[in-house]
Every structure is written in structure tokens, then in C-alpha cells.
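The structure appears right after this line, and notes come after that.
Indexing begins at 1, ligand by ligand and atom by atom, following the structure's order.
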Amino acid sequence: MSGAGGTGGAGGTGAVRPSLVIVGAGPRGTGLLERIAANAPELYAGSGLDVHLVDPYPPGGGRIWREEQPPLLWMNSQAQDVTMFTDDTVDMAGPVREGPTLHEWAELDGRHFADRQRQGAYMRWVYERTVAALPPGIRVRHHPHRAVRVGGPREGRQQVWLEGVPRPLLADLVVLALGHLDAELDSEQRELAAYARAHDLVHLPPDFTADSDLSALGAGEPVLVRGFGLAFVDLMVLLTEGRGGRYETDADGGLTYRASGREPVLYVGSRRGVPYHSKIGYDWTGERPPLPRFFGPGEVDELLARPGGFDFRRDVWPLVEKELGLAHYHRLFAAHPDRTAMPWTDFERRYEKCAAVDDAGGTGGTDGAGGTGGAELRALVAAAVPDPADRLDLAALDHPLDGVRHPSYDTLQDGLRAYIEGDLARRHDPAHSPDLAVFLGLLSVYGQLVRLGDIGPWWHGFFSYLASGPPGPRLRQMLALSRAGVLNFLGAGMTVTAADGVFRATTTTVPDEYVEARALVEARLPHPTVERTRDTLLRELYAEGAAATPEGLLAVDPADGRVLDRSGAPHPRRFALGPHTDARGSGAFTRPRTGGPAFRQNDATARAALAFLRDLSCRATAA
Ligand SMILES: Cc1cc2nc3c(=O)[nH]c(=O)nc-3n(C[C@H](O)[C@H](O)[C@H](O)COP(=O)(O)OP(=O)(O)OC[C@H]3O[C@@H](n4cnc5c(N)ncnc54)[C@H](O)[C@@H]3O)c2cc1C
């Protein structure tokens, strides 16, 4: 039985049935439930179980994927790359239960970027199918509330307090699948917000754009926007098509934007000053790069075994760079031998022997992709690949506007449109298929980095910028908005100051000019930590002794997701899954047949939970 909503009975007094409370009913909470359904026949025959799902948003999609959101917002994954179902590539103890990917379920073209509403409908269907697949005796009930606190003795039943409900839910086990959380403002944001209040300006801090109130951004008003990633794309869409603008397709296939007159005028800049690279618009053909080669399980084992630990920049990045280089050159030599000047076998043998860093040390600074390998490696590449445009230069990719200067914002607009047009053309042209090989390399590296735990935020930003940018049509819209004057580019190294009653933006790309506005939007997701999250439940858990990484992620036991305390001991009755934890590989939907670490984690947690509950009910029966 699946109870839909309602809070009655949350007190649980006199409850004798074993009880599991899952806080958070988004993709991870739903995925966990799917694994409970899959594993229960083997591990939990018998005495009934109440599963309480706590989430103010509908189970399945949860907050991020709720069906009730503007249809203009798209997913950033192709429909064929999204599945909620396991396959035989997942390294897990539980049984595989196959099911359709998003594109199979929704009967979409696999390359289509579905809107988030559609993904929400898929998630709801997955949830309903999962509940229906639970063995008799396991009952699910949704409580549409926020959980505000978890209490209870370490060895005894836990209490989960819900907002507005006087008595707690009693739980033999609690799983926290809290996902993406809101954050308190940091000191810079607090100062900007205070300035805005004092001077009657508009300041929108980092937020989930679908949840932001954008009504304060008036028609025709200049708005400074800091951030050029996916949150910007959402903002751009809501403030243009979302306000009645529309696109017309020209005879040459280009887009023209027809404004509604209700749009503000956007001025966007960021650290890099450019949007994320376009999604690649063609499929892989031919032999895949032989990965992993320089950064595989052996290298990760070696890093983990180092007595003094490892440093990402010094010890990991050179291996990553060499791995991505291998992917790139393997493809270049295989698909475009005419653009190379030596046989692949010679190149490969010499590449293998090259040191990944100069003898003098490091690969660059602490912020950015650093250099391009050691001197020997650079010399080899120069000899083997005549055209510099065919060489992989991660530092240049990471900082495309380094050294670019414009006398005025006017001249920058043409320059940036040309950059975006170039990126779109390149990412849709198989003549540049080494780019797709690097993408495969990034996925391989990501899979290995999962085991290293907390490696700091830089890598994730770099990965998103190269491998998880907007769909091509979004960049075409960006160009049309730029031509229509609704969107203006500011460049790289953007800083914002608040002075003279306005916000003022400057960039290193146009050093002699600045732009002023009465509105500022920080177009990026909040960056919560266990200390700065607005989620009181998590903050309190941390205050009471749960361990966290330096990055502010909740530390969990990699074996089964049990929450660790600061002595490293796992809590017997509390688990956590998802992006607020240090279990890596939690940040996106799983692509089919990629061994998804999130599936492995869900399975391990489900099995540990079911085994614990089974033993508990056996003990209760024996007593
Ligand atoms: C805007 C956005 C777009 C994304 N787009 C893509 C994409 O296109 N492709 C892709 O692969 N990945 C994408 N991702 C990443 C991926 O979808 C998310 O990682 C996924 O949503 C994670 O699922 P989750 O269940 O861990 O977290 P969430 O989706 O955040 O779900 C967590 C749930 O927990 C609930 N919750 C939190 N705290 C409490 C509490 N105290 N009490 C009760 N309930 C609580 C929330 O209401 C929420 O419903 C995107 C992420 C974001 C933020």
C-alpha cells in the first residue's frame, strides 16, 4: 500500500512493525527504494516493514525534478543518457532489475534534451513502479513535510521530527537522501545583500533558478549576472522566452529573437568569461581509446596507499592530463592520420615513457588546468602533430580569454559571438572527434577519481565546463539574444563592487570600462556545507559529532553509506546517500551500461538496511 500524503500517525506510538525513514524522495531516495524492492525477496522475508518517505516535494522527482516547474527548462543530459535502472555493468551484490531509460520510456529521440517536467514524469513512474514491486508486507507512506531533526540513542530507535508535526516518526533506521541543499550566504553575499537593502537595489544570491523569484528584474532594466554555467542558461531562458519572447528560424537556419519588451537587459561575465563548451553533437564511431591507461585502479591504489597522502595538483593532475592526452592522440592518429607525422605505435611507445611533469616539478598554479605536461612530452607532441590546433592544450581550454583584451564592451560582443559560433561548429564537426575522445577520457577519469573521495571543487568545475555544457540549441539562442541586444558579454575575471548606490562590474577582458546596474544576479547553485546549509537537520547532525570533509560534505562509510562520526565510527542506524555526502559519483543521473557508482551505493545501503532490520525483527521474535 502506498499512502499518498497526509501526516496522521506520524507519532508512531505503539508501533511494533520495523520502520525505515528515508528523508528525501528525489532520485536518490527513489533509487534506494528500487534497491529495497529488488533485494527484499532475498534479505527480508517476513515480518513487515513500514517505509516512511519524508519530503515536502512529490516522491520520484522531488524538488529538482518536480513536474510543477516551467516547461521551458530542459535537462542537460540527452534522454538516452538517463536511466534509473541497473544493468550487468553495476558492481553490486543485489539483483539486476532492468527497465527503460528516459528516451525509451518517453519514446523520445535518444539525442533529445527532454524538459525537466518530462524527467519528473519519468521519475514519478519509476517511483510508482517501484512501490508496486515491493513484496507484500512492505508499506510505503509519503509525508509531505520537511524533516527538521533526527534524534535518538546510538543503539536504539531514532526519532525523525517533521516540521509542523508534534510527534516524531520512530525509525529503526534513517537514510538521509537530502540532495541539493540551500546555503546561508557567505560574507561577500551578505555584504552585497545588505548594500542592496540599504540602497534599494536588487540582489539575487546563488539559488536554484527554478525556485527564484525573478519578478524584481524589470523590463528594460540592466542586470549584472555573475556566472556563465548552467544556472545562467536557466536564468536566460526564464527571463526571455519565459517573458513571452520567441525565436524565429531564418532561411540560413540561424535564429532571430523577437523580444516581448518585458525582458531585462543582461550583462553576463564570469571567471572564464565564456559559456561552458557545447555538448558534442555527433556519435562515436570506430575503436575506443584504450582507457584507463595512465590513471586507472592501480594508480588510485598507489595514491591511496601513500603514507603522507596525496596532493591533487602535484600527484593526481599530471596523471589525469596524461590520460586525457592519450585519449586525444589515440583518436587523432586513428581517425586523422593525415594530420600526424609519425606512426601511432612509435608515438604511443614514446608517449608512455614521457614524464607527465617537468623534472623541475609542478604543472602550473593551483587554480586552473596548469601546463601541458613535461618538456619531453611537449617536444614529442610538437614533432608528431604539426598543427598546434590539433594538440591538446588543457590550460588554453580552461582559460580561453587569457591575454585577450578589448578596448570596449562593444568590440567584445563580436569577439565572443565568434568564439561561441566557433565552439558550436567545432563540437558538431566529427573532424574534431579527438574532442569526443577527451570527453570519454573525462568520464573514465571521473570514474577513477570517485575512489579518492574529497578532491576539492576545482576538478568538478573543470569537468562540467568541458564535459557537461549546454545543448547546442541553447548556445544558438544565446547568440540570437546577443544579436538582439538582450544579452551582453562582459568577459573574464569579473568582479563586482557595490559603491555610489549601484553595483559595478569590471573584467580583465575590457580593463578600461565598467558597467553599472541596480540589479545583480549570482547565477550559480548554492554551495552548502554541513556548517552553512540551511537544512537544520544536517547542521545539527554535524554539530552533534557527524564527520565532514574539508569541503563540507558529510562523511559516510564507503562500504554502505553509514554516517561516520569524527572518530571514524559508523553510526549503526543512520545512513546518507547523495551529493551532500563524500560518496563520489552522486552528482548526476547514471548513463546506461556505465557501472554507475550511485547504483552500487544504493544497493549496498539497501542491503545493509534490510539485513539490519531482518536481524532486528528476528531478535524481537526470539524475545
Ligand atoms: C538544477 C539542476 C539540474 C540538473 N540537471 C541534471 C541533468 O540534466 N542531468 C543529470 O544527470 N543531472 C542533473 N543534475 C544533477 C542530478 O539530477 C541531481 O544530482 C539529482 O537530482 C540528485 O538526486 P538527489 O535525490 O540526491 O537530490 P535532490 O534531487 O536534491 O533530491 C533531494 C530531495 O530531498 C528533499 N529534502 C532535502 N532536505 C530535506 C529535509 N530536511 N526534509 C525533507 N526532505 C528533504 C528535497 O526536497 C529533495 O526533493 C541537476 C541538478 C540540479 C540542481
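Geometric assessment of Arg35 against the ring of Phe599 yields a negative cation-pi assignment under the 6.0 Å and 45° thresholds. Cation-pi geometry between Arg474 and Trp74 is met: the NZ or CZ atom falls under 6.0 Å from the ring centre, inside 45° of the normal.
Taking the centre of each ring, Phe228 and Tyr276 stay at or above the 6.0 Å mark.
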For this session: Show the numbers, then the answer: is there a salt bridge (charged side-chain N to carboxylate O under 4.0 Å, His left out) between Asp81 and Arg591?
Result: CA-CA 4 Å; Asp81 289 340; Arg591 300 156 70 97; 3.4 Å; yes

Exercise. Going through the distances and angles, do Asp55 and Arg63 end up as a salt bridge (charged side-chain N to carboxylate O under 4.0 Å, His left out)?
Worked result: CA-CA 9 Å; Asp55 197 322; Arg63 175 184 182 184; over 6 Å; no

For this session: Show the numbers, then the answer: is there a side-chain hydrogen bond (donor to acceptor under 3.5 Å, both in side chains) between His203 and Gln189?
Result: CA-CA 9 Å; His203 169 248; Gln189 293 302 315; 2.9 Å; yes

Exercise. Hey, mind stepping through Val496 and Arg226 against side-chain contact (heavy atoms from CB on, under 4.5 Å) and telling me if it holds?
Worked result: CA-CA 8 Å; Val496 176; Arg226 181 156 51 175; 3.9 Å; yes

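The two atoms that bring Leu217 and Leu239 nearest to each other are CD1-CD1, 3.9 Å, heavy atoms only. Between Val148 and Thr536, the closest heavy-atom pair is O-OG1, 3.2 Å.
Every atom of ligand 1 is numbered from 1 in the order shown, and the set under 4.0 Å from a heavy atom of Ala177 is 32 (C), 33 (C), 34 (O). The ligand atoms of ligand 1 that sit less than 4.0 angstrom from a heavy atom of Pro56 are 43 (C), 44 (N). Contact atoms of ligand 1 toward Asp535: 38 (N), 39 (C), 40 (C), 41 (N) (distance under 4.0 Å to a heavy atom of the residue). Near Arg63, the atoms of ligand 1 lying under 4.0 angstrom from a non-hydrogen atom of the residue are 47 (O), 48 (C), 49 (O). Under a 4.0 Å criterion applied to the non-hydrogen atoms of Gly62, ligand 1 contributes the atoms 49 (O). Close contacts of ligand 1 with Asn76, meaning ligand atoms under 4.0 Å from a residue heavy atom, involve 7 (C), 8 (O). Listed by number with element, the atoms of ligand 1 under 4.0 angstrom from any heavy atom of Pro579 are 26 (O).
Taking all heavy atoms of Ala114, Pro471, Pro144, Ser77 into account, the minimum distance to atom 7 (C) of ligand 1 is reached by Ser77. The nearest non-hydrogen atom to atom 29 (O) of ligand 1, considering only Gly26, Gly29, Pro27, comes from Pro27.
For the residue pair Gln117 and Arg66, no side-chain donor N or O sits within less than 3.5 Å of a side-chain acceptor on the partner.
The protein heavy-atom contact nearest to atom 34 (O) of ligand 1 is Gly24 CA, 3.2 Å. In terms of protein heavy-atom proximity, atom 36 (N) of ligand 1 is closest to Leu178 O, 3.9 Å. Shortest contact from atom 11 (O) of ligand 1 to any protein heavy atom: Phe589 N, 2.8 Å. The nearest heavy-atom contact from the protein to atom 13 (C) of ligand 1 is Trp65 CZ2, 3.8 Å. The protein heavy atom nearest to atom 15 (C) of ligand 1 is Gly587 O, 3.0 Å. Remark: minimum distance from atom 2 (C) of ligand 1 to any protein heavy atom is reached at Ile64 CG2, 3.8 Å. Summary of contacts: the protein heavy atom closest to atom 42 (N) of ligand 1 is Ala147 N, 2.8 Å. The protein non-hydrogen atom at the shortest distance from atom 46 (C) of ligand 1 is Asp55 OD2, 3.6 Å.
Assignment of His145 to the shell around ligand 1 is supported, since a heavy atom sits closer than 4.0 Å.
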